[in-house]
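Step one of this worksheet: look at the structure below.
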Protein chains: 2
Amino acid sequence: MRLTTKGRYAVTAMLDLALHTQDGPISLACISDRQGISLSYLEQLFSKLKKSLLVMSIRGPGGGYQLNAQASSISVAQIIDAVNESIDATNCGGSGDCQQGDFCLTHHLWTDLSEQIHNFLNGITLADLVKRKDIAFIAMRQDNTQDLNFRQNVN
Amino acid sequence: MRLTTKGRYAVTAMLDLALHTQDGPISLACISDRQGISLSYLEQLFSKLKKSLLVMSIRGPGGGYQLNAQASSISVAQIIDAVNESIDATNCGGSGDCQQGDFCLTHHLWTDLSEQIHNFLNGITLADLVKRKDIAFIAMRQDNTQDLNFRQNVN
DNA sequence: CTAATACTTGACTAAAATACTAGGTTTATA
DNA sequence: TATAAACCTAGTATTTTAGTCAAGTATTAG
């Protein structure tokens, strides 16, 4: 489990989709504008997201992307896994025979931790994040009158 | 909160220290051998770990590094924060006025998630990982007879 | 005191990942 | 048919990662 800006972009873009499920297909150009991510980079990311069956696409004018499942059944871990190819943290390729003792031990402790992080992020869905936004967002901004109507459309 | 190989190296090295607290100061050369991390890269990492007061160093022959606190009061989050300079996930620098509405919203949802991850890793200490190793390690390897004695010295 | 050991610092480099650019081709809508 | 969008490919600039090298400084065993 890696957690880089790449994963952040992917989660951000997926959140954008989740917030606009009722607007029909969302074009990448639209997400690019809203989230400040370059169009072509989004294309790369969505190519992977589609391969992982997290989104579906509709081509042609008026087309775009949609979540391929309920926001409540798409976890943050799934999104991050989709765009970050997984790495092998051990030097022995996981076989556990790298050098007898310590060497292997610390590697294993790391992979154990890594798994815990993964499980943690697997328990957080897009729906969780979207649900939480009302409190969080209002607490963050003072001048939010025009956003209130908008926010009610979502989810 | 970023989670890269850099952070993994740092946590691995700190785990190595935690496993050898009773052996006196541990030289970086020793960690380099055991964990397969280049000496000079370790020097860079430990320079940051020391600045963050997570380790202390003893110079001269027989010197090396030691944890600067109980393993039970050093969290994984602290270690990762020490070596990864923090990034600003928002485009507005956190002021919350980047573009009205969505743009800010998804950024905030991300930082909210990021904080959750941070809290999670803040709850996991080196001692937790070391404690867990007995079960985990034995489960992983079959031929662990000679390691058993060794393991009893630790912690 | 001297020499060995070990940490400190900074500059530098190679390789990988990241983020983006450019230029296309399909596909489907209107 | 014109257009908007996905989709594809290749290339590239930037940043990060990971490591090297070299010239130090501090400490202490002998």
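All values below were derived from every heavy atom in this structure, side-chain atoms included, with hydrogens, water molecules and symmetry-related copies excluded. Chain letters run A, B, ... following the sequence lines, proteins first, then strands; residues in each count from 1.
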Any protein N or O atoms within reach of nucleotides 21-25 of chain C? Criterion: under 3.5 Å, listing atom names and distances.
none

For this session: Report the distance from atom CZ of A:Arg2 to atom C1' of D:dT16, rounded to the nearest whole Å.
Result: 12 Å
Problem set entry | Test side chain to side chain donor-acceptor pair (under 3.5 Å) applied to A:Thr125 - qualifying residues, sequence neighbours left out | A:Asp128
For this session: Please say whether more than 12 non-hydrogen atoms of neighbouring residues, nucleotides or ligands are located less than 6.0 Å from CD in B:Gln70.
Result: no
Exercise. Is there a side-chain contact between B:Ile79 and B:Leu126, using heavy atoms and a 4.5 Å cut-off?
Worked result: yes
Exercise. D:dT17 P sits how many Å from A:Asn84 CG, rounded?
Worked result: 13 Å
Exercise. When the distance from CG of B:Leu28 to P of D:dT20 is rounded to whole Å, what number comes out?
Worked result: 14 Å
For this session: Identify which one of A:Ile124, A:Asp16, A:Ile80, A:Leu3 satisfies the side chain to side chain contact (heavy atoms under 4.5 Å, CB included) criterion when paired with A:Val11.
Result: A:Ile80
Seminar exercise, completed: Rounded to whole Å, CG of A:Leu42 lies from C1' of D:dC8 at a distance of 16 Å
For this session: Take the protein atom CD of A:Gln35 and the nucleotide atom P of C:dC20, then report the distance between them rounded to whole Å.
Result: 13 Å
Exercise. Residues sharing A:Leu53's hydrophobic cluster, by side-chain heavy-atom contacts under 4.5 Å among ILVMFWY, directly or via others?
Worked result: none
For this session: To the nearest Å, give me how far apart CD1 (B:Ile80) and P (D:dT17) are.
Result: 12 Å
For this session: Starting at atom CD1 of B:Ile37, determine the distance to atom P of D:dT17, rounded to an integer number of angstrom.
Result: 15 Å
Seminar exercise, completed: In whole angstroms, the gap separating P of C:dA17 from NZ of B:Lys6 amounts to 16 Å
For this session: Just jot down the side chain to side chain contact (heavy atoms under 4.5 Å, CB included) partners of A:Ala77, sequence neighbours excluded, or say none.
Result: A:Met1, A:Ser75, A:His118, A:Leu121, A:Asn122
Exercise. Does A:Thr4 make a side-chain N or O approach to OP1 or OP2 of C:dA17 shorter than 4.0 Å?
Worked result: no
Exercise. Is the shortest side-chain N/O distance from A:Tyr9 to OP1 or OP2 of C:dA17 below 4.0 Å?
Worked result: no
For this session: Could you check which residues of residues 46-58 of chain A get a heavy atom under 4.0 Å from DNA chain C? Sort them by number, please.
Result: none
Problem set entry | B:Val83 versus B:Lys48, closest heavy-atom pair with distance | O-NZ, 3.4 Å
For this session: Rounded to the nearest 0.5 Å, what's the gap from CH2 on A:Trp110 to CG on B:Leu15? Could you check?
Result: 9.0 Å
Seminar exercise, completed: side-chain hydrogen bond (donor to acceptor under 3.5 Å, both in side chains) pairs touching residues 57-66 of chain A, sequence neighbours excluded, are A:Lys50-A:Ser57
